[in-house]
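Values below: all heavy atoms of this structure, side chains included; hydrogens, waters and symmetry mates excluded. Chain letters run A, B, ... following the sequence lines, proteins first, then strands; residues in each count from 1.
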Number of protein chains: 2
Amino acid sequence: MISKKTKYAINALVYLARRWEQGPVLISEIARAESIPQKFLEAILLELKRAQILASKKGKGGGYFLIRAPQEVSMAEVMRLFDGPIALLPCTAHRYYERCEECRNEHLCGIRDVFSVVRAATVRLLKNATLSEIMRREEALRNQPLPGEF
Amino acid sequence: MISKKTKYAINALVYLARRWEQGPVLISEIARAESIPQKFLEAILLELKRAQILASKKGKGGGYFLIRAPQEVSMAEVMRLFDGPIALLPCTAHRYYERCEECRNEHLCGIRDVFSVVRAATVRLLKNATLSEIMRREEALRNQPLPGEF
DNA sequence: GGCTTAATCTATCAATCTGGTAGAGTAGTA
DNA sequence: TACTACTCTACCAGATTGATAGATTAAGCC
């Protein structure tokens, strides 16, 4: 499961994606709109700024804003930033790779083999899950009949 | 990432799957072979017994053993037992479903939509990742040239 | 220049989870 | 009945999670 911090980050990013190229948005506004504790959100936005996803402007008329196109920000990147590896086992991760000390020959490990497949599938989907993809799907859902109604 | 506890459980289960229908195996033997702290392993095996995956026999000649065919024990089940939901978001889980309180209409949520797809793919793969599948893959790896060598 | 605004930094905190240890108790088997 | 091996209870250190408080710095405006 992703942490609340990551979920808050995603909520904030989607909020800012909807306001893309519309100037800075106040932390307080995002916090109110998305029901995120403001002080907690401040720390999150700061991390997203350090990761070069957001930028900020101080003083009156200031706030945070996206500095990348919404299709260039994926859930894979956000999750890695806050929660670390996407892989379920350290020995199947790429950036965060770590070998299992108990494992003699990693390349003959059946456990690693099956979890590698899971990782590959998850990474592929999460890379395609960009902010613009989320917005696109929201629009699609609005224009569809409610689920279960036929 | 899965917890060490879950990883230990998987290691122990694969060990017992290799000894399927060969009688009880000592906790101490599994602990030694798989480098798992014995006392910690005891708690794990006890949980697997309560989950009706293992059974135990006391006294001399006792130990733990699988009571299901190896193809009937999946990583999905083991992970849910020790680490809870497989879904990345509570609102996309089935058994562990929980709605996001900040969400007005869940069925119009784009975030939920993309994470539902991830969950479905992950669950499908983890259900197919049974103990016998792990053993089958280990055998396949043994009969293959080493990766990177051509 | 001084005031206001708003981001930034530092510190702290309770609660929970994780991984692990110790030891007493209980029950089956030879 | 003695031995073996599982079972239960309790405890613990350290890390992580989610959150709060307050001080500081920088930008814009009159």
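- Using a cut-off of 4.0 Å between Lys/Arg side-chain N and Asp/Glu carboxylate O, A/E138 and A/R18 are scored as salt-bridged.
- Rounding to the nearest 0.5 Å gives a distance of 8.5 Å between SG of B/C91 and CD1 of B/I111.
- Contacts of residues 4-28 of chain B with DNA chain D (heavy atom under 4.0 Å): B/L26, B/I27.
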Inset, instruction - Just do the side-chain contact (heavy atoms from CB on, under 4.5 Å) check on B/I10 and B/I2 with the steps written out, would you? - result: CA-CA 11 Å; B/I10 296 169; B/I2 70 176; 4.1 Å; yes
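- Under the 4.0 Å criterion applied to side-chain N and carboxylate O atoms, B/R99 and B/E106 are not assigned as salt-bridge partners.
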Show the atom names and distances, to 0.1 Å, of all donor-acceptor pairs under 3.5 Å that link a side chain in residues 39-53 of chain B to residues at least two apart or in another chain.
from: B/E47; atom 1: OE2; to: B/K5; atom 2: NZ; distance (Å): 3.0
from: B/K49; atom 1: NZ; to: B/S56; atom 2: OG; distance (Å): 3.1

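- Taking the 5' to 3' direction, DNA chain D first and last meets chain B under 4.0 angstrom from a heavy atom at D/dT4 to D/dC8.
- Every residue two or more places apart in sequence or in another chain was checked for a salt bridge (Lys or Arg N to Asp or Glu O under 4.0 Å) with B/E98, and none qualifies.
- Applying the salt bridge (Lys or Arg N to Asp or Glu O under 4.0 Å) rule to A/E29 yields the partners A/R19; only residues at least two apart in sequence or on another chain are considered.
- Taking a 4.5 Å side-chain heavy-atom cut-off between Ile, Leu, Val, Met, Phe, Trp and Tyr, the cluster of B/M135 contains only that residue.
- The residues A/R68 and A/E77 are annotated as salt-bridged, a charged nitrogen and a carboxylate oxygen being separated by less than 4.0 angstrom.
- The stretch residues 31-52 of chain A touches DNA chain C through A/K39, A/E42, A/L46, A/K49, A/R50, each having a heavy atom within less than 4.0 Å of the strand.
- In this structure, CZ on A/R112 lies 9.5 Å from CG on A/L89, to the nearest 0.5 angstrom.
- Judged as a salt bridge (Lys or Arg N to Asp or Glu O under 4.0 Å), and not counting sequence neighbours, the contacts of B/E133 are B/R136, B/R137.
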Could I get a table of every N or O pair under 3.5 Å where one atom is in the protein and the other is in nucleotides 27-30 of chain C?
from: C/dA27; atom 1: O4'; to: B/K58; atom 2: NZ; distance (Å): 3.1

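- Remark: A/E139 pairs with no residue by the salt bridge (Lys or Arg N to Asp or Glu O under 4.0 Å) rule, at least two apart or across chains.
- Less than 4.0 Å separates DNA chain C from no heavy atom of any residue of residues 72-92 of chain B.
- When side chains are defined from C-beta on, B/Q71 does not count as touching B/L131, because their heavy atoms never get closer than 4.5 Å.
- Under the 4.5 Å side-chain criterion, counting only non-hydrogen atoms from C-beta, B/Y64 is not in contact with B/L26.
- Grouped with B/I67 in one hydrophobic cluster are B/F65, the linkage being side-chain heavy-atom contacts under 4.5 Å among Ile, Leu, Val, Met, Phe, Trp and Tyr residues.
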